[in-house]
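The next block holds one structure in the form of structure tokens; read it before the comments.
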Protein chains: 2
Amino acid sequence: MSEQEQVGPNRQSVGFTLSQLGFATSRRFGEIVATLGLEPRHFALLRAVRVADGQSQQAIAERLRIPASTMVSLIDHLESEGLLERQPHPTDRRTRLLHLTSRGAEVLEQATILGAELEGSICAGLSTAERETLLGLLARIAGNIGIADGELPDHGTGQRPEALQ
Amino acid sequence: MSEQEQVGPNRQSVGFTLSQLGFATSRRFGEIVATLGLEPRHFALLRAVRVADGQSQQAIAERLRIPASTMVSLIDHLESEGLLERQPHPTDRRTRLLHLTSRGAEVLEQATILGAELEGSICAGLSTAERETLLGLLARIAGNIGIADGELPDHGTGQRPEALQ
DNA sequence: TATTGTTATACTCTATAACTATA
DNA sequence: TATAGTTATAGAGTATAACAATA
């Protein structure tokens, strides 16, 4: 046995391995989007805005489960970078509607491409069938853990929502 | 398509799924050890002490890649809980040697049992062969990412070492 | 002069709550 | 009176650097 001791659930356990790989993958993704001047949470926010252009800050904050005050600083940053804009609501002057700029759309597209490249490097050497097998097994585990497709985790635990990891 | 938008690399990508499951698994493990009054980093520290009783604080800090000042507060906590003890070095009076107490060993054993139960719930419904297949595929991905067996990630990124997640 | 552990401190991140302007 | 967004502030967590004791 290696001198390095296991630290989570048992090494060679699925749980430990998932923790380890999930952490490494998130970190790698963070390094990659950093080359575009973004953090993962900025990427997540740009994506959420792109889902439907012209949503209010509050609508997106609820979607991403982040406090309104955090939204302000995230949007301040992205607006200062010229990636999105606050625009007035046509009838409610309290509300700000968020729109991607063309530059924001470009950066989002580049980040998506870099993400696809990361996916390729992660899965290097796996056949299509193996990748399908892996995704199928992971989906069953997601079911065991209680992560339904498309569901974001409860935010009542004091943990940051994984959307913004 | 679900109204919920993907936030990392593409949903249905291995990378996104690993991030999601890794995060959820870590969180669940944290909730579990919390029932013993521990955080995951305390569990990791107890394990590191158990590897060889009587290591110095510095030796363990290097193993876990955490700053010396952080070690102090972690050990203060565990010592106040009666789970480990600082003892003098026989010849070097600067050095403190760390030892598990019998209660610390018990708690560590209980945490290990709870971790095994978590592993069981994560893998519920998977046959032994499927579990082996999964671990094999994940090991290949670990190789792609550059996580050698037993290796802890570089700590130069500003991220917390996963040992202490 | 170097090293072990401790303490002090500064920084980042996050969330709660107070505040403003509108409704 | 309630709501959208902003600002102020307090807390946790972490790391760097100064420090005391010892080598």
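Chain naming here is simple, since letters A, B, ... match the order of the sequence lines and numbering starts at 1 in each. Note that these values count all heavy atoms, side chains included, but never hydrogens, waters or copies made by symmetry.
- Here dT6(D) presents its P atom at 15 Å from CZ of R93(A), a figure rounded to the nearest Å.
- Evaluation of atom-type donor-acceptor distances gives a pair under 3.5 Å for the side chain of R94(A) against the base of dT3(D).
- For residues 77-89 of chain B, proximity to DNA chain D is found at no residue, defined as any non-hydrogen atom under 4.0 angstrom from a strand atom.
- Atom-to-atom, CZ of R96(A) to P of dA4(D) comes out at 14 Å; the value is rounded to the nearest Å.
- Atom-to-atom, CG of D76(B) to C1' of dG13(D) comes out at 15 Å; the value is rounded to the nearest Å.
- Under 3.5 Å, the side chains of T25(B) and S19(A) contain no donor-acceptor pair of N or O atoms.
- If you measure from atom CE of M71(B) to atom C1' of dA15(D), you get 15 Å, rounded to the nearest angstrom.
- Looking only at distances, a side-chain donor or acceptor of T101(B) sits under 3.5 Å from a matching main-chain atom of G82(B).
- For R41(B), the side-chain atoms get nearest to dT14(D) when compared with the rest of dA4(D), dT14(D), dT6(D).
- Between the CG atom of L98(A) and the P atom of dT6(D) there is a distance of 9 Å, rounded to whole Å.
- S56(A) comes within contact range of the sugar-phosphate backbone alone, with a heavy-atom separation under 4.0 Å but no base atom that close.
- Rounding to the nearest 0.5 angstrom, the gap separating the CD atom in Q58(A) from the CG atom in L98(A) is 11.5 Å.
- The listed nucleotides are dT7(C), dA15(D), dT4(C); the one nearest the side chain of Q58(B) is dT4(C).
- Nucleotides of DNA chain C nearest to A68(A) and D92(A) differ in position, and the one nearer the 5' end is that of A68(A).
- Using a 4.0 Å heavy-atom cutoff across all strands shown, S69(A) reaches at least one base atom of the nucleic acid.
- At whole-Å resolution of the value, CG in L64(A) and C1' in dT14(C) are 16 Å apart.
- The backbone N or O of G125(A) sits less than 3.5 Å from a side-chain atom of R140(B), completing a donor-acceptor pair.
- Contact check for V51(A) versus I60(A): no side-chain heavy atoms found under the 4.5 Å cut-off.
- Screening Q87(A), R50(A), R86(A) for a side-chain hydrogen bond (donor to acceptor under 3.5 Å, both in side chains) with H99(A), the sole residue that qualifies is Q87(A).
- Residue T70(A) has no polar side-chain atom (N or O) positioned under 4.0 Å from OP1 or OP2 of dT14(C).
- The nearest whole Å value for the distance from the CG atom in L97(A) to the P atom in dA4(D) is 12 Å.
- Residue T91(A) is classed as a sugar-phosphate contact, given heavy-atom separations below 4.0 Å to backbone atoms only.
- Look at CD1 on I66(A): it is 13 Å from C1' on dC13(C), rounded to the nearest Å.
- Side-chain contact between R47(B) and T112(B) is present, with at least one heavy-atom pair separated by less than 4.5 Å.
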